Trainee: 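Quick one: this structure, given as structure tokens, is what I'll be asking you about.
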Amino acid sequence: DAKTTQPNSMESNEEEPVHLPCNHSTISGTDYIHWYRQLPSQGPEYVIHGLTSNVNNRMASLAIAEDRKSSTLILHRATLRDAAVYYCIPSGGGADGLTFGKGTHLIIQP
Amino acid sequence: KAGVTQTPRYLIKTRGQQVTLSCSPISGHRSVSWYQQTPGQGLQFLFEYFSETQRNKGNFPGRFSGRQFSNSRSEMNVSTLELGDSALYLCASSDGRVNTIYFGEGSWLTVV
């Protein structure tokens, strides 16, 4: 499994953009980059995933470096509901289980 | 579309007992995976089933087992419970292809 490095915690203000970085320098060529988040007392929630090019959905954007060794999850306008632990997970999917690291604890200030 | 449903949500068991947890995946999903979450070890993969076959297994002792039924519903069983088995057990379902698994809210197990 590819090793990931994420900041332990980040803090942002409500209604401001948030950029959550992740390094995955040992990612294999076929692994997708997944982002999940876990709100307090809930199961993890899918946020976004991508392979090579940048991706957007209603929740966030994912910017993937050209060499795929790093990626950034972008929340365009943070709300208090976005306070959660965010996990960056390279994975081939299918039968492969997701290997969760410690993630980034995102704190949103009102 | 209904999400992943896990039962029971909370339970307390005594050391040495066994426990069975149930998971109903999202309709149409044929893959079910299980995870254990503890404060010390974080989220760890237990096993994954697809069409009633276990395709992958994490690094857990044989006391942890699971199965999947023909309707894709899944159960996991932990025998001879230990205090360290106290955890949040999460079930997730997917269509079995590459991406996007959906988690349930989990079953909180306390072993006393």
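Atoms considered below: every heavy atom in the structure, side chains included; atoms not considered: hydrogens, waters and symmetry mates. This one's a predicted model, so the numbers in the text were calculated from it and none came from an experiment. Numbered from 1 within each chain, the chains take letters A, B, ... in sequence-line order.
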Trainee: Let me confirm one number: the CZ-CD distance from Phe103(B) to Gln42(A), rounded to the nearest 0.5 Å.
Mentor: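 Nearest 0.5 Å value for the CZ-CD distance: 13.0 Å.
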Trainee: Which pairs would a plain distance check flag for residues 105-112 of chain B, meaning a side-chain donor or acceptor within less than 3.5 Å of a matching protein atom at least two apart in sequence or in another chain?
Mentor:
| unit_1 | atom_1 | unit_2 | atom_2 | d |
| --- | --- | --- | --- | --- |
| Glu105(B) | OE1 | Arg9(B) | NH1 | 3.0 |
| Ser107(B) | OG | Pro8(B) | O | 2.6 |

Trainee: What part of Phe47(B) gets within 4.5 angstrom of chain A, counting heavy atoms only: side chain, backbone, both, or neither?
Mentor: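 Neither part, no heavy atoms under 4.5 Å.
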Trainee: Under 4.5 Å heavy-atom distance to chain A, tell me which part of Gln54(B) shows up: side chain, backbone, both or neither.
Mentor: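 No part of Gln54(B) comes within 4.5 Å of chain A.
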Trainee: Measure the spacing between CZ of Phe45(B) and CZ of Phe100(A) and express it to the nearest 0.5 Å.
Mentor: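 Reported to 0.5 Å precision, the distance equals 11.0 Å.
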Trainee: Enter the distance from Ile89(A):CD1 to Leu43(B):CG here, rounded to the nearest 0.5 Å.
Mentor: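 Spacing of CD1 (Ile89(A)) from CG (Leu43(B)) equals 8.0 Å.
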Trainee: Does Tyr87(A) belong to the same Ile/Leu/Val/Met/Phe/Trp/Tyr cluster as Ile74(A), with side-chain heavy atoms less than 4.5 Å apart forming each link?
Mentor: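 In one cluster with Tyr87(A): Ile74(A), no.
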Trainee: Would you find more than 12 non-hydrogen atoms of other residues, nucleotides or ligands less than 6.0 Å from Asn59(B) atom CG?
Mentor: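 Atom CG in Asn59(B) is not crowded, with 12 or fewer foreign heavy atoms closer than 6.0 Å.
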Trainee: Would you kindly confirm whether Leu73(A) and Ile108(A) end up in one hydrophobic cluster when ILVMFWY residues are joined by side chain heavy atoms under 4.5 Å apart?
Mentor: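 Same cluster.
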Trainee: Quick check on the hydrophobic clustering: are Phe60(B) and Leu88(B) connected, directly or via other members, by side-chain heavy-atom contacts under 4.5 Å?
Mentor: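 No; tracing contacts between hydrophobic side chains, which count when under 4.5 Å, never links both residues.
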Trainee: With a cut-off of 6.0 Å (strictly less than), are more than 12 heavy atoms of other residues, nucleotides or ligands near CG of Asn71(B)?
Mentor: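 Yes, because the 6.0 Å sphere around CG of Asn71(B) holds more than 12 heavy atoms from other groups.
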Trainee: Answer with yes or no whether the hydrophobic clustering places Leu90(B) together with Val32(B); edges join I, L, V, M, F, W, Y residues whose side-chain heavy atoms lie under 4.5 Å apart.
Mentor: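 No, because Leu90(B) and Val32(B) fall into different hydrophobic clusters, even though each may have its own neighbours under 4.5 Å.
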Trainee: Tell me which of these, Pro44(A), Gly43(A), Ser41(A), has more heavy-atom pairs under 4.5 Å with chain B than the rest.
Mentor: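 Sorted descending by pairs with chain B, the first entry is Pro44(A).
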Trainee: Do Leu46(B) and Val4(B) share a hydrophobic cluster (ILVMFWY, side-chain heavy atoms under 4.5 Å, transitive)?
Mentor: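 Leu46(B) does not cluster with Val4(B).
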Trainee: Working to the nearest 0.5 angstrom, can you tell me the gap between Leu98(A) CG and Gln44(B) CD?
Mentor: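 If I round to the nearest 0.5 Å, the distance is 13.5 Å.
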Trainee: Step through the shown structure and confirm whether more than 12 heavy atoms of other residues, nucleotides or ligands are within 6.0 Å of CZ on Arg15(B).
Mentor: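 Counting other residues, nucleotides and ligands, CZ of Arg15(B) stays at 12 neighbours or fewer.
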Trainee: Would you call the rings of Tyr102(B) and Tyr46(A) parallel, tilted or perpendicular, where under 30° means parallel and over 60° means perpendicular?
Mentor: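 Rings of Tyr102(B) and Tyr46(A): tilted, 30 to 60°.
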Trainee: Can you list the residues of residues 74-83 of chain B that sit under 4.5 Å from chain A, counting heavy atoms only?
Mentor: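 Residues qualifying by a heavy atom under 4.5 Å from chain A are absent, so none.
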